[in-house]
Structures are given as structure tokens and as C-alpha cells.
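Take a look at the structure below.
Because the structure is predicted, anything quoted here is derived from the model rather than measured. When a residue number appears, it is its place in the shown sequence, counting from 1.
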Amino acid sequence: MQKTTHTLQDTAFNALLDHYKKASLRISAIWLLLANLGFVLFLFGRHQFRVLLDPNADVAVSGPVLDNLALIFLVFFIILLPVLRFIRSRTPAMILAFLVGLFWAVVFHFMLASDTQQQLVFPLFCMLIFTALIALYPTMPILYSFTLPLWFSLFFHLVLLKEDIPILEIAAMIVVSALFESARIMLSRWFVLSVRRECDNQLLVSKLDNLAHYDPLTGVANRRQLDNQLEQLIAQTERQGGTFSLIMIDVDYFKKYNDHYGHQAGDTCLVGIAECFKQVVRQPADLVARYGGEEFVILLHSATADDAEVVAERIRQSVTQATIPHALSQVADTVTVSQGIMQWSPGMTSLELLKRADGALYDAKHAGRNGYCVG
């Protein structure tokens with residue numbers, strides 16, 4: 001039982017974690033694209049930053065290839081933004097992230113090939129990967145799909161294309177990579193922990209709701225929920241018209257059953273009886289409730305007394321087919337039930353409806369039990 005509970009909790013947690021990952025991706029993906037758009041616009045204005053690169057330079061930083069790449073990204077951004085909300089699975093998101101990362105890898109390639117633009121690469125690299133970290137840390141595969149092309153581009157130029165290995169640049173990349181990965185792990189753990197707490201809170205609220213509205217033994221609705229739904233159904237029916245019916249059920253000679261078989265067996269009997277009731281209701285809206293002790297009530301939405309008689313007969317047959325032994329019953333060798341049916345009519349209060357159903361139940365008992373009467 002405990003293992004089953006843990007399995008259900010893990011299933012609920014995994015479902016909630018997946019939900020929040022998708023929700024965060026829908027919000028953060030747009031923000032990340034807008035941030036990348038800002039970086040692309042920076043490429044267009046890089047000529048104005050030549051003073052930062054070389055105060056004595058007379059020639060502006062040129063690069064028609066970068067301008068063309070920036071234009072390509074702008075067109076890509078305009079096309080992508082309207083369809084971004086339709087991306088709901090991981091694979092398309094990974095492909096999209098990889099394409100954007102590949103764009104920046106190509107940009108780095110041309111910037112590193114120009115002596116006047118190399119100083120922009122590392123700051124831009126840091127801004128890109130940490131912006132991606134903020135947006136994509138809950139979804140590690142998508143995050144790495146974006147950042148791996150950037151790392152490869154720098155590694156390719158700093159290590160494979162250099163005759164002498166640039167120790168300082170490589171050390172800087174190692175430090176930035178260590179900061180990036182440690183921050184990702186920390187943020188991911190906080191994300192999972194927050195979702196775990198949210199899941200625990202939801203399960204606690206669900207348990208409290210079950211305690212407040214459901215009978216802990218049989219699992220059907222308790223008296224409190226019955227009273228609430230009955231009042232709501234009366235108000236709704238008076239407002240919209242129509243009718244509904246109610247069946248009050250009592251287990252025949254249940255006190256003798258408890259005396260003979262014991263209270264634990266009596267509890268097991270009530271659980272089995274409740275299962276019979278739940279199997280014969282007509283629709284999900286119908287309510288099975290434990291009224292008290294061995295008494296139950298079934299609330300049938302949009303049902304006439306004739307409809308309720310059909311359900312009552314199914315209840316009688318279902319309980320009979322359950323063949324729960326009852327040695328001291330004066331009706332049969334197995335457990336049986338008696339039922340009182342009452343159809344609601346305009347102006348009738350919930351207390352009056354229950355009282356009349358109880359009167360019909362009384363008539364069914366005096367008629368020989370194991371049957372039903374209509375009030």
C-alpha cells in the first residue's frame with residue numbers, strides 16, 4: 001500500500017514537473033528570442049562601438065557578411081514569432097534552439113576571423129549563454145542545443161586554428177563554463193524543489209478535501225457533501241426547471257451482521273455494498289453518499305421516480321450478485337438492502353425530501369425488505 005502511494009505521488013510529481021517545464025518554456029522562449037533580437041540589433045550598430053575596440057582607429061569596423069547574417073536572423077525572427085506558440089514538444093524546440101545557436105556560431109566564426117572584431121566575441125558569448133541559462137535551465141536538452149554550437153565555435157578558433165594555444169582565453173572559457181554549469185545545476189535543483197513543494201501542497205489539499213467530503217471507509221461522499229450537493233441541486237432545478245430523484249438505502253439486518261461476524265467484517269461488507277452502488281449509477285453526476293452507519297443515499301440528476309426505480313432494481317440485483325454471506329438475515333442467505341425512492345417536486349426542501357425518502361424506506365422494510373418503495 002505504501003509503495004502504491006509513493007508511486008502515485010511520483011506520477012503526480014512527474015506530471016506536474018512536465019507541466020511547469022512546458023509552461024516555463026512557452027514564456028521564456030519568447031523572451032529569449034527577443035533577447036537574441038537585441039543582440040542582433042547590436043550587430044547592426046557595432047560600427048558605433050569602434051571606439052571601444054580601438055580609440056585610434058580611423059576605419060569603422062566593416063563586415064557586410066555580418067550585416068547579411070543579421071538580416072537573415074531578422075527575417076527568421078519575423079517568421080518564427082507567430083508560430084512559436086504552436087511548438088509544444090521537446091524535439092521541435094531543440095531544433096529551433098540549435099538553429100539559433102548555429103546562427104551565433106557562424107557569427108562568431110566571421111567575427112573571430114576579423115582582428116578588429118575579436119574583442120566583441122567573448123562578451124557576446126557570455127551574454128548569450130547566461131541569457132539562455134536564465135530562460136532554459138528547466139529544460140537541459142534545449143539549453144544545450146542552443147549553447148553547444150557556441151562553445152564549439154570558440155573552441156574551434158581558439159584551439160584548432162591557432163598555432164600556439166592561448167592559455168588565458170582557454171582558462172577564461174573554463175571559468176565561464178564552470179560558472180555556467182554550476183549555476184544550471186543550482187537553478188535546476190531549486191526548480192525541482194519548488195515543483196516538489198507545489199505537488200506536496202496539492203496532494204495535501206486533495207487529502208484534506210477527501211477528509212472533508214468523502215467517507216474514509218467506503219470512499220463515497222459523506223453526509224456533508226450530500227447536504228451541499230442536495231442544496232445546490234434543488235436551487236439549480238428550481239432555477240432551470242426539471243426534476244431529480246433520491247434513493248435512500250439501508251442494509252437489511254446489519255446489526256445482526258455485525259454481532260455475528262464482527263465489526264471488521266461489517267466494515268468490509270459496507271465497502272463491498274458501496275462498490276455495488278457506484279457500479280449502477282447512470283452518469284458521473286449521480287452522487288453515492290454514506291448517510292450514516294449502514295444507510296446510504298443516491299442522488300440521481302434529472303431522474304423521475306420511474307428512472308429511480310430502474311436504478312433501484314439494478315442495485316438490488318447487484319447486491320444479490322455480490323453474494324456476501326449473512327447467516328442471521330431473515331430475508332436471504334446473503335446481504336440484501338431495502339430502498340426508499342422519492343422524486344423532488346417544486347417547493348420541497350432538502351429536509352422534506354430526505355424525510356419522505358426515509359418514509360418510503362420504512363415502507364420497503366415493512367413490505368418484507370430486499371426491495372424498494374416509492375414515496
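Ser153 places no side-chain N or O within donor-acceptor distance of the main-chain N or O of Pro149, the cut-off being under 3.5 Å. For Gln330 (side chain) and Tyr253 (main-chain N/O), no donor-acceptor pair under 3.5 Å exists by modelled atom type. Under the 3.5 Å distance criterion, the side-chain polar atoms of Asp267 are left unmatched by any main-chain donor or acceptor of Gln264. Under the 3.5 Å distance criterion, the side-chain polar atoms of Glu294 are left unmatched by any main-chain donor or acceptor of Val251. A donor-acceptor contact shorter than 3.5 Å is absent between the side chain of Thr336 and the backbone of Ala332. Panel note: side chain Arg369, backbone Asp252; no donor-acceptor pair is recorded below 3.5 Å. At distances below 3.5 Å, not a single donor-acceptor pair connects side-chain atoms of Thr237 with backbone N or O atoms of Ile234. A side-chain donor-acceptor contact under 3.5 Å links Ser245 to the backbone of Ala303. Judged by distance alone, with hydrogens and angles left aside, the side-chain atoms of Thr334 form no donor-acceptor pair with the main-chain N or O of Thr323 at under 3.5 Å. Side chain of Asn36 to backbone of Leu32: a donor-acceptor contact under 3.5 angstrom is found.
Heavy-atom minimum distance, Ser24 versus Lys21: OG-O, 2.9 Å. The two residues Thr147 and Ala132 make their nearest non-hydrogen contact at CG2-CB, 4.3 Å. Across Thr131 and Ala35, no two heavy atoms sit closer than the pair CG2-CB, 3.7 Å. Residue Leu25 comes nearest to Ala93 through the heavy atom pair CD2-CB, 4.1 Å, listed as atom of the first residue, atom of the second, then distance. Between Val280 and Arg314, the closest heavy-atom pair is O-NH2, 2.6 Å.
Summarising the geometry, atom CD1 belonging to Ile249 is positioned 10.0 Å from atom SG belonging to Cys276; distances are rounded to the nearest 0.5 Å. For the atom pair CD of Gln232 and CG of Leu299, the computed distance is 10.5 Å after rounding to the nearest 0.5 Å. Between Leu187 atom CG and Leu133 atom CG the span is 5.5 Å, to the nearest 0.5 Å. Note that the NZ atom of Lys255 and the CG atom of Leu328 stand 11.0 Å from one another [nearest 0.5 Å]. Here OH of Tyr261 is found 12.0 Å from CZ of Phe254. Values are rounded to the nearest 0.5 Å. For the atom pair CZ of Arg356 and CE of Met248, the computed distance is 13.5 Å after rounding to the nearest 0.5 Å.
Between the side chains of Thr304 and Gln343, no donor-acceptor pair is found at a separation under 3.5 Å. Side chains of Gln279 and Glu275: no donor on one and acceptor on the other come within 3.5 Å. In the model, Thr218 has a side-chain atom that pairs as donor or acceptor with a side-chain atom of Asp215 under 3.5 Å. A side-chain N or O of Ser177 and one of Trp151 form a donor-acceptor pair less than 3.5 Å apart.
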Q) Yes or no on side-chain contact (heavy atoms from CB on, under 4.5 Å) for Leu354 and Met342, after CA distance, side-chain angles and deciding distance? A) CA-CA 8 Å; Leu354 290 168; Met342 189 64 204; over 6 Å; no
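Looking at Phe191 and Val195, their side chains come closer than 4.5 Å, going by heavy atoms from C-beta outward. Using a 4.5 Å cut-off on side-chain heavy atoms (C-beta onward), Phe180 and Ser182 make no contact. Leu246 places none of its side-chain heavy atoms less than 4.5 Å from the side chain of Leu300. Looking at Phe13 and Leu203, their side chains never come closer than 4.5 Å, going by heavy atoms from C-beta outward. Taking 4.5 Å as the limit, some side-chain heavy atom of Leu353 sits within range of a side-chain heavy atom of Phe244. Between Leu361 and Ser338 there is a side-chain heavy-atom pair separated by less than 4.5 Å. Counting only heavy atoms from C-beta outward, the side chains of Val337 and Asp250 never approach each other to under 4.5 Å. Side-chain contact between Phe98 and Leu102 is present, with heavy atoms from C-beta onward closer than 4.5 Å.
Taking the six-membered ring for Trp and the full ring otherwise, Tyr291 and Phe296 have centroids separated by 6.0 Å or more. Taking the six-membered ring where the residue is Trp, the centroids of Tyr257 and His326 are separated by under 6.0 Å.
Remark: Glu352 does not engage Lys355 in a salt bridge, criterion side-chain N to carboxylate O under 4.0 Å.
Under the rule for a side chain to side chain donor-acceptor pair (under 3.5 Å), the partners of Glu181 that lie at least two apart in sequence or sit in another chain are Tyr144, Arg184. Applying the salt bridge (charged side-chain N to carboxylate O under 4.0 Å, His left out) criterion to Glu313, with sequence neighbours excluded, gives Arg316.
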